[in-house]
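Encoded as C-alpha cells, the structure appears first; notes follow it.
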Amino acid sequence: MSETKDTDTQDGDTGASGGNTRQPRAGGGKLTLGRTVESGHVRQNFSHGRSKAVLVEKKRRRVAPGKDKAEGPAVEKKAAPKTAAKTAAKAAPKTAAKTAAKTASKAPADAGSEAKKAPARAARPEREARERGNMVLRTLTAEEKEARDRALVEAREREKIERQKAKEDAERRKIAEEAARVAAAEEAERAAQEEERARREAEAKAKADKEAALRAKEEAEADAGADEPADKKAAAKTKAAPTPIVRKREDEAAKTPPKRTPGAGNERRRGRLTISNALDDEPRQRSLAAMRRRQQREKRARSGPAEQVKVHREVTIPDTITVQELANRMSERAVDVIRLLMQQGQMMKINDVLDADTAQLVAEDMGHTVKRVSESDVEVGLEGEADNAADLKPRAPVVTVMGHVDHGKTSLLDALRQTDVVAGEAGGITQHIGAYQVRMAGGERITFLDTPGHEAFTTMRARGAKATDIVILVVAGDDGVMPQTIEAINHAKAAEVPIIVAINKMDKPDVDPNRVRTELLQHEVIVESMSGDVQDVEVSATQKMNLDKLEEAILLQSELLELKANPDRSADGIVIEAQLDKGRGPVATVLVQRGTLRVGDVLVAGTEWGKVRALVNDRGEQVKEAGPSEPVEVLGLNGTPEAGDVFSVVEDEARAREITDYRQRVLRDKRAAGAARGSLEQMFSQLKESDKKELPLLVKGDVQGSVEAIIGALDKAGTDDIIARVLHAGVGGITESDVTLAAASNAAILGFNVRANAPARDAARQQGVDIRYYSVIYDLVDDVKAAMAGVLGPELRETFLGNAEILEVFNVSKVGKVAGCRISEGTVKRGAKVRLLRDDVVIHEGTLSTLKRFKDEVKEVQSGQECGMSFENYQDIRPGDVIECFDVTEVERVL
Ligand SMILES: Nc1nc2c(ncn2[C@@H]2O[C@H](COP(=O)(O)OP(=O)(O)OP(=O)(O)O)[C@@H](O)[C@H]2O)c(=O)[nH]1
C-alpha cells in the first residue's frame, strides 16, 4: 500500500517538470530494524514557478498470522504519530475540496487562493515535516541519521509492544490455566458431593425401610384391635414414609452446583444411544425403558421394604424327585436349592434326580416340613378295610393235599372230587381248573386245591398268599414216612397250617398204619390215638374207603379254626393258576378269600388287570358271582397273572391301570437291574445272602429213568447247609409252562437230553429263567453241587446258531446217510456243534461231517436255503428231525 502525504501530489503524479521520484530501497543499506515504512520524496511543480517536495511513504503491512489481533493496538500506537499527520492529510483535501466548492460560487477570483489556503492550513504540520524531509533530503546524512533514530525508536517501541504483548499472552495463559484448575477442582468437588449424596440416600433408604417395617408391624398389631381409623393412620404413615428421603434429596440437589457439563457419563444416561443421537448435538431424551425403571424404583421405594414372610410348607417327597420339582414343591428358587446342595458338596443340575433322603435334608434346611411318600403308595388301600366281626360269616375250608411221591395224592383228590353230591346228581363233567369244591349231603362245602405237593403250596406262600386252611398229609400205609413227607410236614408247620394225616392204601394187605403213626412222632406230628391233637384217618383212594370220615375230620378241623369271611364286600383272593387259552384269551383260576367276585368287576391280579367278562365254576358252569372260598375261572383279564398272585377288585379301570403300571415298572426295573432270577450263579449268591437252604430246580429229561436218576442224585448232593429242591420233574421237552413255574419259584431249569421249544425259549429270555442243557448226569449233578458249594467252574455258554429241518434222507455210498435239510432259523456253520432233535428230545449230539450246497462244500448256509448235512459217526436220522447248530464258549463265572 502506498500513500501520498500531500494532497497536491496524490497518485505520485509526476508533473511536466518531471517528478523526480526517489524510491528508498528497503533497508537501503542503512541499519534499520525491520522497517515497515519506506519513504521517499517527490518534487511537485505548481504554477507561478512554485514547487514543493512531497514526501511519499510506502508502508508495508506487517504480516504475522494469528497475531493480527494482538498486534492491533501496537500497530496503532506505532502509527500514531504518523496517523495524526495522515489523518490531517487525508481530511485536508476533502475539507479543502468542500470549502473550495463553497467559495468558488462566491468569488471565483479568490477561489484559487482560498482553495490553496485551506489545504495549506490543514497541511501545516505536514509541511513542517516535509520541510524536515526536504532538509533530510538535502542533508542526507542527517536524514539518514533521523531515519535511523526513528527506526531505533520504532524498534524500541516495537520491542516494548512485543514485550507487552508477551506479557499479556502469559497473563492470558495464566488466567486460562487458573480457570482450568478451578474447573477441575470444581469437578472433583462435585463428584465427591455426588458420592456423598448417594451414600446419604442409601442410608436414608435403609432407615426408611426399617421404619416402614416397624410401622407395618405396628399396623398389623393395631389392625388386630382397631379397625378403620387404624387403617387410615397406617395409610397416612405409609404415605409419609418416603417423604423425608425425597426432601433430603431435593436439599442435596439444591446444594449440588447444577453445572453438570454434558460429559460422556451424563450423555450415557440420556436415552438410547443411536448414531443419529450421537451425531446430534442436542441432549438426548431418557429412553422409555429408563423411565420405566425409574418408575419401578420409585414404586419400590414408595411401597417400602416388601418383607417376605417365609412360608413354611409341608413338602411331599416321593422316592425320587428332581431338583426343579423339589424347588417347586417348596416354592423356592431352584438356584437356591442348587446352592444349598453345593454347600453340602453336591454339584447338581436342575434336572438331576435326588433321592428321598437328600431331598428331605434340603427341604428341612430350608425350613419346611417333609412328608415322605413312596411310589408304592398307589397300592395303599388296595386291601380294603378290616371287616367287622358282625359281618363275618362261616366259609368253606380250603384244603391242600401233600405227601411223598406216589403215596396217592392225586388219587385221593380224584376220589374226593367224586364225593361231590351235586356233580354226582347232575352227572356233570368235572373241570380241572386248579381247585374244586365238594358239597356234602349236609350242605357243607370243602374246597380242595388241585395242585398236590408242597411246592405249589410253598410257592404261593412265598408270594405272600396264604391260601390253605388245612393240609392233608398223605402217607402210604405200606411205605411209611418218606423224605417228602417230612418236607411236607415242615412246610405245613412253617405255614402254621393244621395237618390231618390220611394213611392211604389201606386196601393193601401189608399196610401198617401204626408204624406210620410212630414214624410221624419223630417229626412231631402226634396223632390223636397217640394222645396228640392231629387227626388221622385210614383211607384208600382207589377203594374210596373212609373218604367221608376224612371229610368229617376236615369239617371238624374247620370248626375249630372258626373260618369266617365277609361276603358283602369287594372281593379279593389268590390266583391259583393262569394260562393263555387259545379261544378264551387269558384265563385265571382264582380262589375268592373275602367278599364276592361278580361279573363286571374291575380286577387287579399281580401285574395284570381286567374287567371280569365271565366267571366259570369247577363244573364248567357260567356263574354270576363267586363268594368266599369258591374257586372260579375268570375271563376278561388283559394278560395272564402268575400263580400265587393276589387279586383285588378295585373301584375303576383308572385305578387298576395305575396299580398295574406301577407293578410293571417295578418288575421292569428288577429285570433291568440284571436280576436273572433263575440263573444258578445268582441263585447261589442269593442263597448266600439269605439263610435259605434250598436250591429250587426244575428237571426235564428224555426218559423217566433218567429223570428219576437225576432226582435221586440231586437228593444225595444236598448237604446239611443246602439242598437241591426239585420243584418239578418230568419227561419231555421244556415247555412254556415249565418256564412259568420256574420263574414263579425262582428256579433254574435243567434239561437232560431235551430242549426248550421256541415259546419256552422266548419266555425264558423274557422272564430271565436260566435253562441249562446236559447230556451226562454227572455233569448236571456236578454243576448243581458246584452251585450249592459256590465253587462253579468256568461257565460253558452255548450260543444258538440255527435250526435245520430234515426234509429227506439219502443214502450215499461211502458217506452214509445224508440229510436234505432246509434252514428254518438262523444259520448253520460247518465245524459248529450240532444236536439231532426228535420231538424236542436230543437224539444225538456231535459235529457235522458234511455241509453241502449243490454238491459244493460250503462254510455256512443261511436261513431259508436248502443244504445237505451228515453227522460224524451217526446214521439214525429221519425226515422231520431237527438239527440244532450251536457254538460253545467258555466264560469265566462272575458271582
Ligand atoms: N392200592 C392202592 N393203590 C393206590 C391207592 N392210592 C393210590 N394208589 C396208587 O399209587 C400210585 C400213585 O398214585 P398217585 O395218586 O399218582 O400218587 P401221587 O402222590 O399223586 O404221585 P405224584 O403225583 O408222583 O406225586 C398209583 O399207581 C395209584 O394207583 C390206594 O388207596 N390203594
Side-chain angles (χ1 to χ4, degrees), residues 399-419 430 432 434-436 438 448-460 468 470-492 499-517 519-520 525 536-551 553-554 576-577 643 696-701 703-712 714-715 724-732 735 737-738 741 745 747:
V399 179
T400 294
V401 177
M402 291 186 190
H404 192 68
V405 180
D406 281 349
H407 277 203
K409 301 183 290 289
T410 314
S411 304
L412 187 62
L413 275 169
D414 285 345
L416 286 165
R417 184 197 292 266
Q418 285 160 23
T419 61
T430 54
H432 286 268
Y436 62 85
V438 172
F448 290 96
L449 295 184
D450 210 358
T451 40
H454 55 271
E455 296 91 351
F457 169 84
T458 306
T459 306
M460 282 196 187
T468 308
I470 297 163
V471 163
I472 295 181
L473 182 69
V474 181
V475 186
D478 56 344
D479 210 10
V481 172
M482 299 300 284
Q484 285 185 10
T485 316
I486 300 160
E487 249 179 60
I489 293 166
N490 291 337
H491 281 270
I499 295 172
I500 296 172
V501 176
I503 302 169
N504 195 22
K505 304 193 183 179
M506 284 303 292
D507 57 307
K508 281 197 170 177
D510 50 351
V511 290
D512 185 359
N514 282 330
R515 186 169 69 95
V516 173
R517 292 185 183 104
E519 283 172 355
L520 285 171
V525 177
D536 65 298
V537 187
E538 292 174 9
V539 295
S540 167
T542 49
Q543 301 302 313
K544 299 186 174 56
M545 193 183 91
N546 287 342
L547 295 182
D548 51 343
K549 282 191 179 172
L550 181 61
E551 285 169 349
I554 293 167
I576 292 165
E577 58 178 40
L697 296 169
L698 224 128
V699 179
K700 291 303 280 282
V703 286
Q704 185 66 37
S706 55
V707 172
E708 280 173 6
I710 289 164
I711 290 170
L714 290 176
D715 266 354
R725 185 162 68 88
V726 179
L727 292 179
H728 176 71
V731 175
T735 62
S737 70
D738 292 332
L741 177 61
S745 327

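In what follows, every heavy atom counts, from backbone to side chain, and hydrogens, waters and symmetry copies are set aside. In each ligand, atom 1 is the first atom listed, and ligand 1 is the first ligand listed.
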Identity and distance of the protein heavy atom lying nearest [atom]:
atom                    : answer
atom 6 (N) of ligand 1  : Asn504 ND2, 3.2 Å
atom 23 (O) of ligand 1 : Thr410 OG1, 3.7 Å
atom 18 (P) of ligand 1 : Lys409 N, 3.5 Å
atom 15 (O) of ligand 1 : Ser411 OG, 2.6 Å
atom 8 (N) of ligand 1  : Lys505 CE, 3.6 Å
atom 31 (O) of ligand 1 : Ala541 N, 2.8 Å

Numbered atoms of ligand 1 (with element) below 4.0 Å of [X], judged on heavy atoms:
X      : answer
His404 : 19 (O)
His407 : 17 (O), 19 (O)
Val405 : 24 (O), 25 (O)

Let me confirm one number: the [atom1]-[atom2] distance from [X] to [Y], rounded to the nearest 0.5 Å.
X      : Y      : atom1 : atom2 : result
Asp512 : Glu519 : CG    : CD    : 9.0 Å
Ile500 : Asp536 : CD1   : CG    : 10.0 Å
Ile503 : Ser540 : CD1   : OG    : 13.0 Å

Answer yes or no: does an N/O atom from [X] fall short of 3.5 Å to an N/O atom of ligand 1?
X      : value
Thr542 : yes
Gly408 : yes
Lys508 : no

Compare every heavy atom of [Y] with every heavy atom of [X], then report the nearest pair and how far apart it is.
X      : Y      : result
Thr485 : Gly480 : OG1-O, 4.3 Å
Thr419 : Glu551 : OG1-OE2, 2.6 Å
Val399 : Thr468 : C-CG2, 4.2 Å

Practice item. Mark the output for Met506 as yes if a heavy-atom distance to ligand 1 is under 4.0 Å, and as no if none is. Key: no

Exercise for review: Determine, counting only non-hydrogen atoms of the protein, whether one lies under 4.0 angstrom from atom 26 (C) of ligand 1.
Suggested key: no

**Study point:** Side-chain (Asn504) to main-chain (Ala541) donor-acceptor, under 3.5 angstrom
**Key:** yes

Review point. Does Asp507 approach ligand 1 within less than 4.0 angstrom via side chain, backbone, both or neither, non-hydrogen atoms only?
Key: side chain

**Study point:** Within reach of ligand 1, part of Asp406 (heavy-atom separation under 4.0 Å)
**Key:** both

Practice item. Determine, for Glu538 against Arg517, whether the closest basic-nitrogen to carboxylate-oxygen distance falls under 4.0 angstrom. Key: yes

Check your understanding: So among Leu412, Thr400, Leu413, which one has a side-chain contact (heavy atoms from CB on, under 4.5 Å) with Phe448?
Key -> Leu413

Review point. Do His407 and Asp479 have side-chain atoms, one donor and one acceptor, less than 3.5 Å apart?
Key: yes

